[in-house]
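Here the structure is laid out as structure tokens; the discussion comes afterwards.
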Amino acid sequence: MPKTHGCAETSGFPQDRMPAIRRVMQPQDTNALGSIFGGVILSEIDLAASITAHRLHPDRIVTVAMDKIEFKQPVFVGDLVSLFGTVTRVGRTSITMTISVWAERRLNGYDCCLVTEATVTMVAVDENFRPIPV
């Protein structure tokens, strides 16, 4: 694994906001190339969306869509990944939000970059998984 990893986009880290999730990436999260497996990041996006949505609806809620996930930068072991959720729309039964994922490269210097963003839609459901009002 290379010792340094530059970031193309380093400005805009939301320092004035509390992330939904922060996690240091571990060796068990890597793919065959030595970077963090995209599925791990997708799972964290789903969790961050759930945490963000639960601030508006404390009961059962499920993911129905994740739109346009484009990885702009790789994530590496040791990176501190922060996921920020911003609600963009509240419908009758759904909550749509943007989840932005930032990596802070703390090993061998400091760099911070936007890894990806996703639009996630979650729907409030009853015990039979039928949509209910938010």
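The chain is numbered in sequence order, starting from 1. Quantities reported herein were computed from a predicted structural model and do not represent experimental measurements.
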If you look at every heavy atom in [X] and [Y], which pair is closest and at what distance?
| X | Y | result |
| --- | --- | --- |
| Ile51 | Ala20 | CD1-O, 3.8 Å |
| Asp79 | Ala103 | OD2-CB, 3.9 Å |
| Ala118 | Ile69 | CB-CG1, 3.6 Å |
| Ile61 | Ala124 | CG1-N, 4.0 Å |
| Thr93 | Pro133 | CG2-N, 4.1 Å |

- [ ] Using side-chain contact (heavy atoms from CB on, under 4.5 Å) as the criterion, list what pairs up with Pro14, not counting sequence neighbours.
- [x] Asp16, Arg17, Phe84, Trp102
- [ ] With sequence neighbours left out, write down each residue that passes side-chain contact (heavy atoms from CB on, under 4.5 Å) with Val90, or none if nothing qualifies.
- [x]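 With neighbours one apart ignored, the set is Leu56, Val87, Val134.
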Task: Residue list, salt bridge (charged side-chain N to carboxylate O under 4.0 Å, His left out) with Asp29, at least two apart or on another chain - done: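 With neighbours one apart ignored, the set is Arg23.
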Tell me whether [X] shares a hydrophobic cluster with [Y], the cluster being built from Ile, Leu, Val, Met, Phe, Trp, Tyr side chains joined at under 4.5 Å.
| X | Y | value |
| --- | --- | --- |
| Ile21 | Val24 | no |
| Ile99 | Leu47 | yes |
| Leu83 | Met66 | yes |

Open item on the list: Once rounded to the nearest 0.5 Å, what's the spacing between atom CG of Leu80 and atom OG of Ser82?
Closed with: 4.5 Å
Task: From Leu114 atom CG to Gln73 atom CD, the distance as rounded to the nearest 0.5 Å - done: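 Taking CG in Leu114 and CD in Gln73, the distance rounds to 8.5 Å.
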Any heavy-atom pair between the side chains of [Y] and [X] that's under 4.5 Å?
| X | Y | result |
| --- | --- | --- |
| Val120 | Thr63 | yes |
| Lys72 | Cys113 | no |
| Arg89 | Ser94 | yes |

Open item on the list: Val101 vs Ile45, test: side chain to side chain contact (heavy atoms under 4.5 Å, CB included). Steps then yes/no.
Closed with: CA-CA 8 Å; Val101 183; Ile45 289 170; 3.8 Å; yes
Task: Working for side chain to side chain contact (heavy atoms under 4.5 Å, CB included), residues Phe76 and Met25 - done: CA-CA 7 Å; Phe76 300 98; Met25 294 291 108; over 6 Å; no
Task: side chain to side chain contact (heavy atoms under 4.5 Å, CB included) assessment of Met122 paired with Met97 - done: CA-CA 9 Å; Met122 303 195 96; Met97 64 215 84; 4.0 Å; yes
Open item on the list: Between Glu104 and Arg22, is the salt bridge (charged side-chain N to carboxylate O under 4.0 Å, His left out) condition met? List the steps.
Closed with: CA-CA 10 Å; Glu104 296 177 65; Arg22 292 190 96 182; 2.4 Å; yes
Task: Pairs touching residues 46-60 that satisfy salt bridge (Lys or Arg N to Asp or Glu O under 4.0 Å), sequence neighbours left out - done: none
Open item on the list: For residues 114-134, which residue pairs pass the side chain to side chain donor-acceptor pair (under 3.5 Å) check, not counting sequence neighbours?
Closed with: Thr96-Thr121
TODO: Starting from Val125, walk the hydrophobic network (Ile, Leu, Val, Met, Phe, Trp, Tyr; side-chain heavy atoms closer than 4.5 Å) and list everyone else you reach, by chain and number.
DONE: Val62, Val64, Val123, Phe129
